[in-house]
Each structure stands twice: as C-alpha cells, then as structure tokens.
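What follows is a single structure, written as structure tokens, with notes after it.
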Amino acid sequence: WVLKGQAPTIAGGWIRDGAYQVVASDGRMLGVAENRDLKSPAVLTRDSGALENLIWFYHLGNNEYRMIKLNAGLPFEGGASSVFINWDSEADTQRWLLRKEGAKLMIIHKASGEALDWEGDRIMTRPRNSSSASPLWSLVGEATI
C-alpha cells in the first residue's frame, strides 16, 4: 500500500485502521473455516497465536469499515444471515458499522442492519438485541496505522 509517505487512512473512525483480534464473549475469535476458499463461512476459532486470528479493519468514513481476513486477503461479506469471505466489492454487503455497547462493541452489517452474532461455532447476522451477550465483541489491537 505505502510506497512513500503516510499510509492512506480516513480519519474519524471509532478505531484506527489496523490488525485486530475480534473476540466473542466466550473468548473465541472471529475466523473462517478455510482461509483460501471463496465464500468460506465465518466461524469462531481458538487463539492460535498467529496471523490466523487477525482481521484488518479498514475505515471507509462515517465509522464504517471493511473487515479483511488478514491471512486470506479477502473481506467478510454478509448475506441472508450468513457471513463469509469473498472478493473485494464496493457493495454495502462488505461494509460494517461499529457501535459501542459499554466496554464492548456491536458490529453491524450495513446492508441488513443486523448485528454480527454467533451460535455454536457459526457466525451469522441477526436482528440487534442488546440483551444478548453473543452479539457483543471485544477488539484486541495487534498493529495499527
């Protein structure tokens, strides 16, 4: 990305552009079933202490982000309540909004307005429900610009 000078960033997001672990309320992390397979479903994984658990948050303005699985180089996309990795697109299906909920955050799918949520190992989007702990996430920053 950066050949000379500063990295391209858009100011004003709730978090800085960078690599984060996205941690569920039970301590598992956002990942995918197969890193190099298009449309591979998002799942919860255990910490492997490697690139496996890193998601790059790229701020697009207005607290809107693209979330890219770092070791796959593919962004997360939502559709019909499912979440998976896919080729880059400018569509709202690959845009996510962050909303603070106390010390945690809710990750909201721009196209559907639903929250990133989980059940078992499976990641999906569901209507926002602040009374449930599963759509609340923590970010652990690993590297930011």
Side-chain angles (χ1 to χ4, degrees), residues 1-112 114-126 128 132-145:
W1 282 4
V2 181
L3 297 177
K4 178 174 147 183
Q6 289 291 94
T9 61
I10 298 173
W14 185 65
I15 61 169
R16 296 178 64 169
D17 285 9
Y20 295 84
Q21 292 176 334
V22 181
V23 184
S25 57
D26 72 350
R28 293 181 295 165
M29 296 173 195
L30 179 62
V32 294
E34 296 292 331
N35 281 319
R36 302 208 186 356
D37 289 348
L38 283 178
K39 306 253 176 154
S40 182
V43 295
L44 286 180
T45 64
R46 297 282 172 207
D47 185 5
S48 68
L51 286 175
E52 177 65 30
N53 300 113
L54 296 180
I55 310 297
W56 189 269
F57 279 75
Y58 181 73
H59 186 232
L60 302 167
N62 299 319
N63 205 35
E64 193 172 300
Y65 292 83
R66 177 169 284 130
M67 298 187 322
I68 300 168
K69 182 72 169 68
L70 200 56
N71 65 347
L74 298 169
F76 285 93
E77 182 170 320
S81 296
S82 65
V83 179
F84 50 90
I85 54 174
N86 204 358
W87 294 117
D88 279 341
S89 166
E90 293 300 318
D92 285 348
T93 56
Q94 290 187 1
R95 294 173 181 244
W96 303 88
L97 305 162
L98 300 183
R99 186 174 109 194
K100 291 181 186 180
E101 294 284 332
K104 306 251 180 198
L105 65 99
M106 192 174 286
I107 301 172
I108 301 166
H109 187 237
K110 184 175 181 189
S112 69
E114 295 182 333
L116 188 68
D117 203 344
W118 59 274
E119 187 173 302
D121 290 339
R122 185 174 162 255
I123 301 289
M124 78 259 332
T125 60
R126 289 196 240 201
R128 291 183 263 178
S132 171
S134 64
L136 298 179
W137 303 86
S138 299
L139 295 183
V140 177
E142 294 294 324
T144 60
I145 56 172

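Worth knowing before you read on, the calculation uses all heavy atoms, side chains too, and leaves out hydrogens, waters and symmetry mates. Keep in mind that what you see is a predicted model, and the values were worked out from it rather than measured.
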Sequence neighbours excluded, every pair satisfying ring pair (Phe, Tyr, Trp, His ring centres under 6.0 Å) that has a member inside residues 23-48: none
Can you find a heavy atom in the side chain of Tyr58 that is under 4.5 Å from one in the side chain of Asp17? yes
For the CZ atom of Phe76 and the OG1 atom of Thr125, what is their distance to the nearest 0.5 Å? 13.5 Å
Distance in Å, Trp137 CH2 paired with Ile55 CD1, rounded so as to fall on 0.5 Å steps: 10.0 Å
Interatomic distance, CG@Leu74 vs CD1@Ile68, rounded to 0.5 Å, equals 9.0 Å
Got a second to check how far Arg99's CZ is from Arg128's CZ, nearest 0.5 Å? 5.5 Å
In Å, rounded to the nearest 0.5 Å, how long is the span from CD of Gln21 to CG of Leu70? 11.5 Å
Strictly distance-based, threshold 3.5 Å: is any side-chain N or O of Arg126 a donor or acceptor partner for the main-chain N or O of Trp118? yes
Which residues satisfy the side chain to side chain donor-acceptor pair (under 3.5 Å) test with Arg66, sequence neighbours excluded? none
Val140 versus Met29: any side-chain heavy-atom pair under 4.5 Å? no
Sequence neighbours left out, cut at 3.5 Å: what donor-acceptor pairs do the side chains of residues 79-89 make with other protein atoms?
| unit_1 | atom_1 | unit_2 | atom_2 | d |
| --- | --- | --- | --- | --- |
| Ser82 | OG | Gly79 | O | 2.7 |
| Asn86 | ND2 | Glu77 | OE1 | 3.2 |
| Ser89 | OG | Ala91 | N | 3.0 |

Return the set of residues passing side chain to side chain contact (heavy atoms under 4.5 Å, CB included) with Asn35 (not counting sequence neighbours), or none when no residue passes. Val32, Glu52, Lys69, Asn71, Ala72
Sequence neighbours excluded, the answer for side chain to side chain donor-acceptor pair (under 3.5 Å) partners of Ser112 is His109
Enumerate the residue pairs fulfilling salt bridge (Lys or Arg N to Asp or Glu O under 4.0 Å) with a member in residues 26-46, sequence neighbours excluded, ordered by first and then second residue. Asp26-Arg28, Arg28-Asp121
Measure the shortest side-chain to side-chain distance between Val22 and Phe57 over non-hydrogen atoms and say whether it is less than 4.5 angstrom. yes
Beyond-backbone contact of Leu116 with Leu30, side-chain heavy atoms, under 4.5 angstrom: yes
Taking all atoms of both residues into account, what is the closest heavy-atom pair of Ala115 and Pro135, and its distance? CB-CB, 4.1 Å
Supply the atom-to-atom distance Leu44 CG to Glu119 CD, rounded to the nearest 0.5 angstrom. 11.0 Å
Which pair of non-hydrogen atoms, one from Ser25 and one from Ser134, has the smallest distance, and what is that distance? OG-CA, 4.3 Å
Salt bridge (Lys or Arg N to Asp or Glu O under 4.0 Å) contacts in which one or both residues fall within residues 55-65, not counting sequence neighbours: Glu64-Arg95, Glu64-Lys110
Heavy-atom side-chain proximity of Arg122 to Val43 below 4.5 angstrom: no
Run the side chain to side chain contact (heavy atoms under 4.5 Å, CB included) check on Leu98 and Ile107 step by step: do they pass? CA-CA 5 Å; Leu98 300 183; Ile107 301 172; 3.8 Å; yes
Trace of the side chain to side chain contact (heavy atoms under 4.5 Å, CB included) decision for Ile15 with Tyr65: CA-CA 10 Å; Ile15 61 169; Tyr65 292 83; 3.4 Å; yes
